Structures are given as structure tokens and as C-alpha cells.
Amino acid sequence: MRRTAPDARHPVAAESQTRSVHSPVPAPERGKHRPHRWQTWLLAALLGWAGLAGALELTAEEAAGRRLYREGIGAGETPVEARLDPAGTSLPASAVPCAGCHGRDGRGRPEGGIRPPEITWRHLTSVRPAYDEAGLARALGEGIDPAGERLDPAMPRFVMSWRDLANLGAYLKRLEADRDPGLHEARLRLGTLLPSAGPLAAAGRTVGALLQAAFDELNQAGGIHGRRLELVIADPGPDRASAEAALAGLVEGGDVFALLAPLAPALAERYGELLAPGGMPLVGPLPGPGGEASRLVFAPLPGPGEQLSALAEFAAGESAPGETPALIVYPPEAARQAEALAARLRARGWQRLGLFGYGTQAPSGAKPLAADLQALFFLGSGEALVALGTALDGAGLAPRLYASAQQVAGAALRLPPAFSGRLFLAYPLLPADVTPAGAQALEALRRRAGLDEHQPALQIGAYSAALLLAEGLKRAGRDASRERLVSALENLHALQTGVTPPLGFGPGRRVGAAGAHVVGVDLAAGRFVPTGRYVEAAP
């Protein structure tokens with residue numbers, strides 16, 4: 001067969017067509033030079049510093065091979081092609097990159113009922129007969145292994161240049177060492193965003209102390225798979241720009257494996273987008289109104305959106321949705337959340353539904369309110385709810401009010417008496433969710449952190465996030481990766497934390513306890529009255 005030029009495109013196939021990207025390099029002659037003791041010390045120090053950096057140095061060829069492996073994009077101008085059996089349909093390799101099935105770590109992960117095999121170079125060269133560069137070329141181009149057996153038909157056949165083949169082979173030899181940032185032999189670095197100044201500074205200190213105490217406790221017990229956990233804290237600053245810069249510092253240069261319980265409301269809508277390029281998982285409480293679903297973000301407890309969705313399910317059982325005039329009232333920053341809630345309500349049969357954004361000021365007039373209004377879903381602060389309730393009462397209206405306790409808090413008790421028994425709040429958890437053992441464990445952690453019982457919801461959110469991440473890391477194994485952590489969390493069901501309802505996830509579910517307790521309010525007695533209902537949020 002005629003040899004193709006090195007950069008020509010061809011179906012990767014025969015042994016005679018394969019070239020190695022490496023040239024042999026002669027080893028240093030023994031005894032030719034012995035380093036001084038200080039040189040040995042300096043070399044050890046530099047190697048130790050390199051270990052802190054946690055980034056694998058790749059040659060240009062290996063880096064190009066990594067891009068081809070992860071994204072299906074070759075080094076040349078012509079796209080690498082993938083041909084699918086049995087029809088031989090051709091499509092860009094970027095639609096079916098190697099990492100899509102075999103994972104970034106090359107160890108394979110289930111995909112549509114298929115379990116792709118491990119393709120680290122150590123594994124490929126340990127099977128019998130072993131793979132070499134020629135065997136890899138034949139497997140990629142013809143779908144035949146070194147024993148002459150056909151590979152699974154689900155495996156695409158690739159058409160690529162010699163240069164792309166050499167780059168891919170070079171990277172596969174480094175794949176196993178190309179660990180995600182923050183993952184070291186004896187240490188695992190996890191990051192968070194906690195403010196040190198401003199109105200959230202006290203909350204930031206509480207979360208930081210609790211997370212550090214949780215890590216200390218885990219490390220005292222031997223860490224996770226022999227690795228000590230290290231907490232890296234970045235200050236998100238006062239606004240979105242500073243918060244994005246702080247997150248970028250963790251993602252791009254912080255040598256951080258995953259993000260845990262960040263407290264940066266300015267990034268509520270952007271976590272998924274900002275974390276996606278590096279594939280960094282986030283485990284922590286949902287950031288608040290406007291937060292979007294992302295496959296990388298795992299929240300133990302529901303945010304206001306999920307809580308209001310649970311209230312919508314509850315409200316549908318209290319009246320006939322098709323006949324009940326209802327209104328969603330929201331501030332500017334919750335516009336997207338209000339639209340999502342409206343979509344859920346309409347899907348459940350609410351036909352007479354309106355939306356009213358009340359601008360930057362609390363709603364103080366009854367102009368948008370219909371005389372026959374019977375149900376009102378409120379997004380916003382407690383003070384805004386009190387102002388709205390006062391306006392409704394002045395107009396002689398007392399519809400049933402539904403709101404997230406996380407947003408309105410104790411201000412709800414200042415509503416006019418006409419709303420007694422007509423106000424329903426969603427709580428992500430109640431004291432009944434906390435077991436004696438869970439309470440004891442949390443109290444021990446508080447003592448270790450030097451905290452009191454103030455801000456219990458904040459503490460439980462951070463603590464449950466730490467428990468969830470620790471469980472995910474244990475299940476991801478010693479050879480962990482970000483992708484393996486995501487997969488481990490996605491397949492976690494009914495985790496008992498002792499301080500929350502059981503937590504579980506799935507391919508389309510990223511909230512561990514996707515529901516809320518519905519609690520009524522007795523304004524005359526100034527107390528909250530549980531309804532005994534825990535309602536799952538609508539999907």
C-alpha cells in the first residue's frame with residue numbers, strides 16, 4: 001500500500017502507515033556528572049513546587065492530542081471525521097469525542113446502556129495482545145483490536161491525518177497523569193467564595209469556620225482515600241465583576257478540584273456557565289433567585305424557585321386551578337424565576353394567571369390587582385411582602401399568599417390580620433428533619449468551629465454540602481476526577497445526612513431534596529403552624 005504523506009487525511013488503519021510522534025532520546029551516561037548536594041535539594045524543592053501547581057506540563061503535540069481527545073478537534077484545518085456503523089454515517093468527531101464515552105480520565109463511563117472500556121495507555125499495553133501505535137491506528141480506523149477481533153459497533157471509526165493520530169497517541173500515553181487541578185497524591189484542594197467584608201461578612205465567617213471544622217474532622221480520620229482535604233477561600237468582593245474575577249482565580253489558577261458552598265449572590269445566574277469550560281463541579285446551597293440548572297451544580301436543599309414550585313403544587317390542591325384568578329408578583333432580579341414559575345403553574349392548569357413586576361420599590365398600590373384575585377405567589381423580600389399585604393388589605397382584598405420563608409423570614413408576622421390562615425410559606429427543612437444523631441454531630445462540629453446556634457439554616461446548608469461532597473468523593477474512588485465526582489453524585493440516592501430530608505440526584509435532577517414543607521401562619525397568635533405537608537417541587 002502506498003504510504004500517505006504525513007499530514008494527509010486517511011482512515012487510520014494499517015501498521016505500515018503508522019508513525020510514532022516520539023524520537024528516541026539517549027539516556028545520560030553513568031558517572032559523567034554528579035550534581036552537588038545543593039543542586040539535588042533545589043531539584044527536590046522545584047519538584048515539590050511543581051506538585052503544588054497540580055498542572056501537567058504537556059508538549060505542543062500532547063496538548064493538541066488532549067484537545068482532540070476531549071473535544072474531537074484536530075490540529076489541521078479539515079475536521080476529523082467519525083463514521084458510525086452500520087450505515088457508515090459521517091459526522092464531525094467533535095460530535096462524538098473520545099472523552100464523551102471514555103471520560104476525561106480514559107476509564108470509561110456508561111453511556112446509553114453501553115460500558116466503554118478503559119483506554120489509558122497502561123491498560124492498553126497490559127492486555128494481550130497489547131496495543132502499540134500500529135494497533136491503536138487500526139482500532140481507530142478499522143475498529144479491529146490487536147487480536148483481530150472487531151470492536152463494539154458503537155465505537156466510531158475515525159478519519160484523521162497522520163499528525164492528529166500521532167498527537168492523540170502521544171496524549172494517551174500521558175492521559176493517566178493528566179489529573180484535574182487540585183488532585184494530588186496526598187492532598188485534595190477544594191475552593192469556596194466567602195465575603196470578608198460587607199453585609200455577608202458574618203455569614204462568610206460562619207460558613208468558612210464550619211467547612212474548616214468539617215475538613216479537620218475528616219482529616220483526623222485519615223482524609224478521603226488517603227488524601228487530606230484543604231480549603232481554599234477567595235473573597236468574591238462587593239459586586240459581580242469582583243465575584244467573577246475571584247471565581248476565575250479559583251478555576252484557572254487556584255489549583256482547586258471543586259467548589260463547595262460558595263456565598264456569592266452576584267453569581268447566582270452564572271455558576272453553570274462559568275464553571276462549564278473547566279468542568280468544575282459545585283456542591284452547595286442554591287444561590288437564590290435566578291439560579292439556573294447545570295449538570296455541574298448539586299444542591300442539597302431547594303432554592304426559592306423549587307420552594308415556590310412546591311407551593312404551586314400545594315395551591316393546586318387547595319382550589320381549582322382552571323377557575324382561580326392568580327397573580328405572580330416579583331422584583332426585577334427575579335423576572336426569570338417568575339417566568340419559570342408561571343410556566344409551571346400553566347402546566348398544572350392555572351389559566352387565569354398574571355405577572356406583575358413591581359420595579360425597584362416595594363409594591364404599594366392595588367392598581368394591578370383584580371377584585372376577584374384569589375391566589376398570589378410572591379417573590380421578594382419580607383418588607384416588600386408586608387407593603388403588598390398592606391396595599392391588598394387597604395383595597396379590601398385578602399387572597400391566599402404563597403411565599404418562600406427563606407425570602408420573607410419573620411416579616412410575614414407583620415402582615416394585616418386579614419391574612420391569618422391565608423398565608424403559606426415553604427420551608428426547605430423543619431426541626432423534625434434533624435435526627436438526634438444528626439443534631440449531636442452538628443453540635444460537635446459547631447464546638448470545633450467555635451460557633452453558636454445562630455444562623456442555623458446557613459450552618460445546616462454548609463454542613464450538608466460538606467457531607468454530600470465527602471460522600472461523592474468517597475464513591476468517586478482513589479482515581480477520582482471531576483467527571484467521576486459528577487457521575488458519583490448523579491447516582492447517589494437517599495443519602496441520610498441527619499440534618500436534612502434524604503438527599504438524592506439523577507440525570508435530570510440536581511437538587512437533593514427537591515421539595516418543601518408547607519407551613520401556615522396564625523397572625524393573631526404570632527406563630528407558624530405546620531400543615532404536615534411535604535410537597536415535591538414540580539419538574
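Not measured: the values here are computed from a predicted model. Keep in mind that the numbers below use all heavy atoms, side chains included, and drop hydrogens, waters and symmetry copies.
- Between D433 and T500, the side chains place no donor N or O within less than 3.5 Å of an acceptor N or O (distance only, hydrogens not considered).
- Side-chain contact between P304 and Q337 is present, with heavy atoms from C-beta onward closer than 4.5 Å.
- Without hydrogens or angle criteria, R107 side chain to E176 main chain gives no donor-acceptor distance under 3.5 Å.
- Between L379 atom CG and Q307 atom CD the span is 10.5 Å, to the nearest 0.5 Å.
- Between R447 and E217, no side-chain nitrogen of the basic residue sits less than 4.0 Å from a carboxylate oxygen of the acidic one, so the salt-bridge criterion is not met.
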### Task
Give the intermediate values and the outcome of side-chain contact (heavy atoms from CB on, under 4.5 Å) for residues F298 and R510.
CA-CA 5 Å; F298 294 84; R510 287 298 184 270; 3.3 Å; yes
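- Checking side-chain atoms of E230 against main-chain N and O of V256 turns up no donor-acceptor pair under 3.5 Å.
- Interatomic distance, L247 CG to R240 CZ, rounded to the nearest 0.5 Å: 12.0 Å.
- Side-chain contact between L274 and V251: absent, with no pair of heavy atoms (C-beta onward) separated by less than 4.5 Å.
- Checking side-chain atoms of T192 against main-chain N and O of A261 turns up a donor-acceptor pair under 3.5 Å.
- Between the side chain of D180 and the backbone N or O of R482, at least one donor-acceptor pair lies under 3.5 Å.
- A donor atom on one side chain and an acceptor atom on the other are found under 3.5 Å apart for Q220 and R448.
- Distance check: Q459 CD to D452 CG gives 7.0 Å after rounding to the nearest 0.5 Å.
- N219 places no side-chain N or O within donor-acceptor distance of the main-chain N or O of G223, the cut-off being under 3.5 Å.
- Considering all non-hydrogen atoms of both residues, G380 and V408 come closest at O-CG1, 4.0 Å.
- Looking at F424 and V519, their side chains never come closer than 4.5 Å, going by heavy atoms from C-beta outward.
- Residues T497 and L468 have side chains not in contact (no heavy-atom distance under 4.5 Å, counting atoms from C-beta outward).
- With a 6.0 Å radius and a threshold of 12 heavy atoms from other residues, nucleotides or ligands, E443 has its CD atom above the threshold.
- Under the 6.0 Å cut-off for aromatic ring centres, F378 and Y402 do not qualify, their centroids lying 6.0 Å or more apart.
- The main-chain N or O of A130 is never found under 3.5 Å from a side-chain atom of T125 such that the two would form a donor-acceptor pair.
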### Query
Should E313 and E536 be marked as a side-chain contact (heavy atoms from CB on, under 4.5 Å) after you check the CA-CA gap, both sets of side-chain angles, and the distance that decides it?
CA-CA 8 Å; E313 293 295 301; E536 290 286 333; over 6 Å; no
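- Atom CG of L193 and atom CG of L250 lie 5.5 Å apart (nearest 0.5 Å).
- When every heavy atom of Y69 is checked against every heavy atom of G103, the shortest pair comes out as OH-O, 2.6 Å.
- Environment of NE2 in H454: sparse, with no more than 12 heavy atoms of neighbouring residues, nucleotides or ligands closer than 6.0 Å.
- Side-chain N or O atoms of E306 include one that pairs as donor or acceptor with a backbone N or O of G303 at under 3.5 Å.
- With contacts defined as side-chain heavy-atom distances shorter than 4.5 Å, the pair L413/V521 qualifies.
- Between R478 and E185, at least one side-chain N (NZ, or NE/NH1/NH2) sits under 4.0 Å from a carboxylate O, which counts as a salt bridge.
- The side-chain heavy atoms of V232 and L190, taken from C-beta on, include no pair separated by under 4.5 Å.
- Note that the CG atom of L492 and the NZ atom of K474 stand 11.5 Å from one another [nearest 0.5 Å].
- Remark: the backbone N or O of G305 is not paired with any side-chain donor or acceptor of S309 at under 3.5 angstrom.
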### Message
Applying side-chain contact (heavy atoms from CB on, under 4.5 Å) to V434 and L442, what does each step give before you reach the verdict?
### Response
CA-CA 10 Å; V434 181; L442 180 56; over 6 Å; no
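- The two atoms that bring H184 and D255 nearest to each other are NE2-OD2, 2.8 Å, heavy atoms only.
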### Task
Please lay out, stage by stage, how R66 and E61 fare under the test salt bridge (Lys or Arg N to Asp or Glu O under 4.0 Å).
CA-CA 9 Å; R66 174 163 64 181; E61 292 80 8; over 6 Å; no
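- Formation of a donor-acceptor pair under 3.5 Å by the R228 side chain with backbone atoms of A186 is not found in this model.
- Contact record, A246 with P236: CB-CA, 3.9 Å, taken as the closest heavy-atom pair.
- M155 and F158 make their closest contact through CE-CE1, 4.2 Å (heavy atoms, listed as atom of the first residue, atom of the second, distance).
- Taking the side chain as every heavy atom from C-beta outward, E62 and N167 never approach each other to under 4.5 Å.
- A donor atom on one side chain and an acceptor atom on the other are found under 3.5 Å apart for Y171 and D178.
- Of the possible polar contacts, none joining the S487 side chain to the R484 backbone as a donor-acceptor pair under 3.5 Å is found.
- Looking at I460 and Y463, their side chains never come closer than 4.5 Å, going by heavy atoms from C-beta outward.
- Closest heavy-atom contact between P501 and L301: CD-CD2, 4.2 Å.
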### Message
One pair to check against side-chain contact (heavy atoms from CB on, under 4.5 Å): I224 and F215. What are the steps and the verdict?
### Response
CA-CA 10 Å; I224 296 179; F215 283 14; over 6 Å; no
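- In the model, E118 has a side-chain atom that pairs as donor or acceptor with a side-chain atom of T120 under 3.5 Å.
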